[in-house]
Peer 1: 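My questions will all concern the structure given below.
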Amino acid sequence: MKETDLIIIGAGPGGYRAAEYAAKQGLKVVVFEGAEVGGTCLNVGCIPTKTYVHSASFSEARERMAQVVPQLRSGVEGILSHPNITLIREKGIFSAAHTVGDYTAPNIIIATGSDSKPIPVPGIDSPKVVDSTGLLSLDTLPKRLCIIGAGVIGMEFASVFHRFGSEVTVIEFLKECLPALDSDIAKRLRKQMEKEGITFNMQCGVKQIADGEVFFENKKGQTESVEADVILVATGRKPRVQSDFACVGFDYDERKGIAVNEHFETTVSGIYAIGDVNGRQMLAHAAEMQGIHAVNHIIGKEDNIRFDIMPAAIFTSPEAACVGPAEDWLKEQGTAFECHKSFYRANGKALAMGETEGMVKLCTEPGEGRILSAHIFGAHAADLVQEVTAFITLGATLRQLRETVHIHPTLSEVLIEVN
Ligand code: NAI
């Protein structure tokens, strides 16, 4: 048995960033990865989909994905070639609490990610049914695409495949898309996508899939159906737990993932679980920051990473992005707050770009006090939300945001134009 300081299972954004950071702090790190390095994000998630979003056609997207993904993957391989890191190209399997493969370490970080979660309906195993990975590996553009689930994955693919020319129909269980988003923003985004020609069947439950036909019950209890060449199931993801985890002794659940405390440590001391596998915030950037915090905890270094301030974006066209609590949630909690809005149509840069569809909503403490949250729908929403994230993290007020000089003409001026 070989000894090391830290074992990391999984080389996705959580795992490889933690390995890089730990190695720079002087730890000897062993990383186990059974598939390509880069995880879901780089190989079949964020990066390929963003390549699609920024391509003019399906064929261009396929070509660009074939260049971008290997290029980034070799970048990750470069990171993992640090002298303090040993990359073992096999699946990491526990044989005891602190032993994985041929290695033993006082600290272990599990970063195994997640898998798509299928729905239990008859016909789900039809060859026309794919998950997001399957959709990204299609060689031809489907003429008719049916998407089950109007969450983040469903909405991003609906937007991009519609732009490529597919006839897109979305079936969603709930009343509104993107359940985690501020409902005002979610509704505007769906309405805009409807206006562009995407069909949404809201409050509809899928009952059966027969060959290329999806049968669902509408809100009136009637059965309807949609015919499609490809059916994307985007009804959520589940933490990737392994059967060998049982021998370690920490608490975990097949559905909710591995239970962790505020330092992402499991119920067994020295064993951490970061990223999608702990089921907290299924976002690549959350996984990265959780990994850094876990390493800091291991080496006894304090940090002030604010996991309660987690920006997120949906890369539809236009984008939607948010940070902090939705207006609906603040109302439900009875929190005293103010809501400030502005619109892209009054912004010079947005007009010049032909991107006038968009809205900014900032929730603040009363009296233009501390900024609590930002919800944005429109071009480059993610970049604008990132600016507000910095202000919220620093505890800044709306007044301080307004008093910060913004370059003219930029979209960022929409932030200081809020009413
Ligand atoms: P999701 O949880 O965002 O949305 C799933 C949707 O499917 C929900 O609206 C739900 O009501 C609906 N649904 C569930 N069962 C259904 C049924 N039987 N019939 C109709 N609708 C049904 O899950 P999604 O989109 O699969 O994404 C998985 C995870 O990946 C999320 O945690 C997401 O945050 C993350 N992700 C993040 C991205 C980003 O940050 N840009 C991009 C892609 C994924």
Side-chain angles (χ1 to χ4, degrees), residues 12-14 39-54 113-124 129-136 146-160 169-181 183 186-187 189-190 200-209 214-219 223-226 231-240 255-257 275-289 310-323 376 381-383 385-386:
T40 300
C41 166
L42 195 160
N43 295 293
V44 289
C46 325
I47 300 301
T49 51
K50 264 79 271 176
T51 310
Y52 273 49
V53 168
H54 293 284
S114 62
D115 288 305
S116 51
K117 188 169 64 184
I119 44 170
V121 296
I124 194 77
V129 176
V130 293
D131 63 6
S132 54
T133 305
L135 192 67
L136 285 168
C146 176
I147 299 179
I148 306 175
V152 183
I153 295 180
M155 293 298 277
E156 287 187 357
F157 279 115
S159 175
V160 78
T169 306
V170 181
I171 304 172
E172 164 63 46
F173 204 64
L174 301 174
K175 202 171 164 191
E176 195 44 270
C177 66
L178 298 160
L181 208 67
S183 62
K187 188 173 173 188
L189 176 63
R190 178 176 57 82
F200 284 89
N201 296 285
M202 307 307 284
Q203 287 179 281
C204 292
V206 172
K207 293 289 165 207
Q208 193 190 344
I209 299 166
V214 183
F215 293 87
F216 60 94
E217 195 178 282
N218 67 20
K219 59 183 169 191
T223 302
E224 289 186 51
S225 73
V226 177
I231 300 153
L232 168 69
V233 177
T235 50
R237 295 181 65 83
K238 60 174 188 321
R240 194 177 288 150
R255 208 167 46 87
K256 294 189 199 144
D276 288 9
V277 75
N278 67 30
R280 289 212 170 171
Q281 291 162 313
M282 289 194 171
L283 297 165
H285 46 278
E288 291 187 28
M289 299 308 282
M310 186 59 64
I314 298 102
F315 295 93
T316 41
S317 179
E319 290 175 7
C322 63
V323 60
I376 306 182
D383 300 286
V385 155
Q386 193 58 57

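Atoms within a ligand are numbered from 1 in the order they appear, just like the ligands themselves. Heavy-atom basis, side chains included; hydrogens, waters and symmetry copies ignored. Treat the numbers as computed from the prediction; the structure is a model and nothing was measured.
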Peer 1: For Pro318, what residues pass the side chain to side chain contact (heavy atoms under 4.5 Å, CB included) criterion, not counting sequence neighbours?
Peer 2: Gln192, Phe377

Peer 1: Can you name the residues that form a side chain to side chain contact (heavy atoms under 4.5 Å, CB included) with Val152, not counting sequence neighbours?
Peer 2: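 Side chain to side chain contact (heavy atoms under 4.5 Å, CB included) list for Val152, sorted by chain: Glu156, Leu178, Ile314.
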
Peer 1: Quick one: list whatever passes side chain to side chain contact (heavy atoms under 4.5 Å, CB included) with Lys187, sequence neighbours left out.
Peer 2: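 So Lys187 forms a side chain to side chain contact (heavy atoms under 4.5 Å, CB included) with Glu176, Arg190, Lys191.
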
Peer 1: What short N/O contacts, under 3.5 Å, does ligand 1 make with the protein, listed by atom pair and distance?
Peer 2:
residue, atom, partner, partner atom, Å
ligand 1, 3 (O), Val152, N, 3.3
ligand 1, 9 (O), Glu172, OE1, 2.8
ligand 1, 9 (O), Glu172, OE2, 3.2
ligand 1, 11 (O), Glu172, OE2, 2.6
ligand 1, 21 (N), Phe173, N, 3.2
ligand 1, 23 (O), Gly236, N, 3.4
ligand 1, 25 (O), Val152, N, 3.1
ligand 1, 25 (O), Ile153, N, 2.8
ligand 1, 26 (O), Gly236, N, 2.9
ligand 1, 40 (O), Ala313, O, 3.4
ligand 1, 41 (N), Glu156, OE2, 3.0
ligand 1, 41 (N), Ala313, O, 2.8

Peer 1: Would you confirm whether Thr316, through its side chain, and Ser159, through its main-chain N or O, come within 3.5 Å as a donor-acceptor pair?
Peer 2: no

Peer 1: Decide if atom CZ of Phe173 counts as having more than 12 heavy atoms of other residues, nucleotides or ligands within a radius under 6.0 Å.
Peer 2: no

Peer 1: Counting only N and O atoms by type, is there a donor-acceptor contact under 3.5 Å from the side chain of His285 to the main-chain atoms of Pro311?
Peer 2: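 Yes: the side chain of His285 pairs with the backbone of Pro311.
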
